Amino acid sequence: MATESSTVAVAGDANSTEPWSARVRTLTRLGRHRESLALLRHGDPSPPPHALALPASVISCAALSLPSGVAQIHALAAKRGLLPAADAYLLSALLTSYSRLGCLPLAHQLLDEMPLESTPHTTLRTAFNSVISGCALHALPVASFALFRRMRAAAVGFDAVTLLALVPATPLSVVPQVHALAARVGLATETSVANCLMSTYARGGAFGAALARRVFDEMPLASRDLVSWNAVLSAHAQNGLAVDALELYRRMRSPEGSGVEPDAVTIVGVLSSAAHLGARGVGFDVEHYVRQRIPGFHTNVQLCNALINFHARCGSLPRAQQLFDEMPRKSIVSWTALITGHGMHGNGDVAVSLFERMVSEGIRPDNVAMVALFSACSHAGLYDEGRRYFSAMESVYKLRPTLEHYTCMVDLLGRAGRLEEARELISSMPMPADGAVWGALLGACKIHKNVDVGEEAFTRVIELEPKNVGYYVLMSNIYTDTGQLDCVARVRAMMRERGLKKEPGCSYVEHKGRVHLFMADDHSHPQARRIYELVIRLELMVKEKSGMRESEVAAAKGRMEKAAAQPLVGIHSEKLAVAFGLLNTEAGSEIVVIKNLRVCGDCHSFLKVVSATTNRAFLVRDASRFHRFDGGVCSCKDYW
DNA sequence: CTAGGGTTAG
């Protein structure tokens, strides 16, 4: 034992008793690459460098990004007759190093020189694996697939390592075939391969997430490790399946997770889903877990970004800001998350100054940061700033606007009432407008009750997205607002013919750790009777307070109900959620409501008046932003 | 002594 520790202590030292070739290897293993190469170059020439030293030196050259060094050792080895296949380790080290350094022609050449008949299959497999992973690493998916085919043609069996390199480089549509091939040799349920398949499938939208789920379900329980859980959870989180992601998190923490402890990667996926859904309780619990169990989380940029995003999108801007301030190093994502949060809360000026601070700290904005900025300008009615930044986007920041940027700008111009200007912007686009762009124009026409432009936008948008119900509802609401009830009926008929149903509105409130979900005209809550009584009482109070204008709305509603069989407006879910909040909280508290659709005008004025008389603040996150109702006014200043 | 798996913002 004493000798072993002294060997370690002097490893690589000049006075070590090791043969010097072994010392080269030791230095490489310790990551002391320069010393290792120096020893190779200037070491005792007798005995000459042993075969043992050469692979190590190759690895050191690769670690130091020295392709010429690799080539020199390659030449030396060739002179000694160690190649093409006499020394499998050396060959392997050369192939890996060439591949990693991007010298793929050399790697290919070396591979081609190998005698297929006389080389052991394990050596061949490793050689192919090295080059396949090199091609994958350097974005040459076609080449890596060609090598895989050659490998199979030469009857060289593949293993898990082959698949780990190949699968991520395979076009998504072909992955199921490789998957089937892996399954045939029993590799598909191997932990590393299954994890790799799941993360690759995760790139394929909701359908990909379902395939990832299947891989996960088919894994033997004992093979699932932390990465498996993270991969399947992220597959759902990244593809908008937030509810499933949270359900997976719950399962992971149950006995089924068999002691797997969430790590920062798990948490990032969970927080993303919680932020999406407005699942505040989940996010708060997870943050508690982070503070207890993930030491030094402040230095984990991605984790902090996920927390900032969660707080910004779930109503706690000060906590987002505090986390941001506490980060020793921030990324553009940190800035963007905070800008988005301020944008959603209507603090356009704060968003703009954050953006300016970001730029002055030397961070070049990217496309996502620009979207956040435009959307913040849009919600705050910052027309001039929006226009200015839009033109700066190309000229100053060298970013080409994408469809998303045009969508934001159409929204910004449209909300500001400049419908013609928005229409012109669409005509000037260098690419065809998509549904979102026309949809933004349609949304603006709803705000400004513009039937003509609205009809054009509607025609275009339903050509592009005939199944998106929201656009039919918007058009129908424009007709309702302008009293064209025959047209309302026509749009409804279109919806019926196409088998489209209005997406039901729902709102929820969290209270004492439980989620209370309400749908429009929903009576299923245990307190439903008291909730409805309160809503009716409050509506009466609101009507008295706001007099004529409300009665006009009621009259319009009455006319509409006569014209169509089904009323469009019943008791919307946010009224129920707020009434529940009023019944279950003390005066002075804030009631947070998360809603899937946008707040309608009627509910908006209702909530303003109610906030003035009940000594509560209501923070409502709807489909596009936050509204904070307090003392009779809304933070959106009625601009939304 | 060689090849290798999961992550964020709109």
Side-chain angles (χ1 to χ4, degrees), chain A residues 21-22 24-26 28-29 50-59 62 87-97 99-100 122-123 125-134 136-137 158-168 190-200 202 212 225-235 237-238 263-273 275-276 300-310 312-313 320 331-341 343-344 366-376 402 404-405 407-408 436 624:
Chain A
S21 287
V24 169
R25 191 184 64 181
T26 305
T28 294
R29 276 202 206 146
H50 192 267
L52 196 65
L54 295 180
S57 304
V58 170
I59 291 162
D87 185 336
Y89 292 134
L90 176 59
L91 181 73
S92 210
L94 283 169
L95 282 167
T96 310
S97 302
S99 301
R100 281 227 188 116
T122 48
T123 308
R125 178 155 52 237
T126 305
F128 273 105
N129 284 353
S130 297
V131 188
I132 289 175
S133 93
L137 193 68
F158 60 88
D159 63 6
V161 179
T162 320
L163 295 170
L164 295 180
L166 185 73
V167 169
E190 192 118 307
T191 304
S192 64
V193 175
N195 292 350
C196 175
L197 283 167
M198 288 191 282
S199 56
T200 304
D225 67 0
L226 174 60
V227 176
S228 317
W229 283 97
N230 286 348
V232 71
L233 194 151
S234 308
Q238 284 164 14
D263 69 352
V265 176
T266 322
I267 300 301
V268 167
V270 173
L271 281 173
S272 158
S273 299
H276 208 84
N300 184 330
V301 178
Q302 282 105 317
L303 181 53
C304 287
N305 291 345
L307 279 167
I308 293 171
N309 179 50
F310 167 75
R313 300 177 64 92
S331 73
I332 187 167
V333 178
S334 331
W335 290 92
T336 306
L338 200 57
I339 291 171
T340 301
M344 288 177 73
D366 65 3
N367 280 337
V368 185
M370 297 310 295
V371 168
L373 178 66
F374 294 151
S375 140
T402 68
E404 261 184 311
H405 300 102
T407 302
C408 283
S624 79

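For clarity, every value in this text was computed on a predicted model and none was experimentally measured. Throughout, a chain's letter reflects where its sequence line sits, starting with A, and its residues are numbered from 1.
Between the side chain of D225(A) and the base of dG5(B) there is at least one donor-acceptor pair of N/O atoms closer than 3.5 Å. Side-chain N/O atoms of N367(A) and base N/O atoms of dG10(B) include no donor-acceptor pair closer than 3.5 Å.
Rounded to an integer number of Å, the gap from CG of L271(A) to C1' of dT8(B) is 10 Å. Rounded to whole Å, atom P of dT2(B) lies 5 Å from atom CD1 of I59(A). Taking atom CD of Q302(A) as the reference point, atom P of dG6(B) lies 13 Å away to the nearest angstrom. In this structure, L94(A) atom CG and dT2(B) atom C1' are separated by 11 Å, rounded to whole Å.
Under the side chain to side chain contact (heavy atoms under 4.5 Å, CB included) criterion, A436(A) pairs with T407(A), D434(A), not counting sequence neighbours. With sequence neighbours left out, the side chain to side chain contact (heavy atoms under 4.5 Å, CB included) criterion links D159(A) to R125(A), N129(A), V161(A), T162(A).
In this structure, the side chain of S272(A) does not engage the main chain of V268(A) through any donor-acceptor pair within 3.5 Å.
Taking only side-chain nitrogens and oxygens, R100(A) comes nearer than 4.0 Å to OP1 or OP2 of dA3(B).
Each of dG10(B), dG4(B), dT2(B) was ranked by its minimum atom distance to the side chain of T340(A); first place goes to dG10(B). Of the listed nucleotides (dG5(B), dG10(B), dT2(B)), dT2(B) has the atom at the smallest distance from the side chain of T96(A). If you check dT8(B), dT2(B), dG5(B) against the side chain of L164(A), the one that comes closest is dG5(B). In this structure, the nucleotide among dG6(B), dT2(B), dA9(B) sitting nearest to the side chain of N230(A) is dG6(B). The V333(A) side chain lies nearest to dA9(B) when the options are dT2(B), dA9(B), dG10(B).
The two residues Q238(A) and A202(A) have their closest heavy-atom pair at OE1-CB, 3.9 Å.
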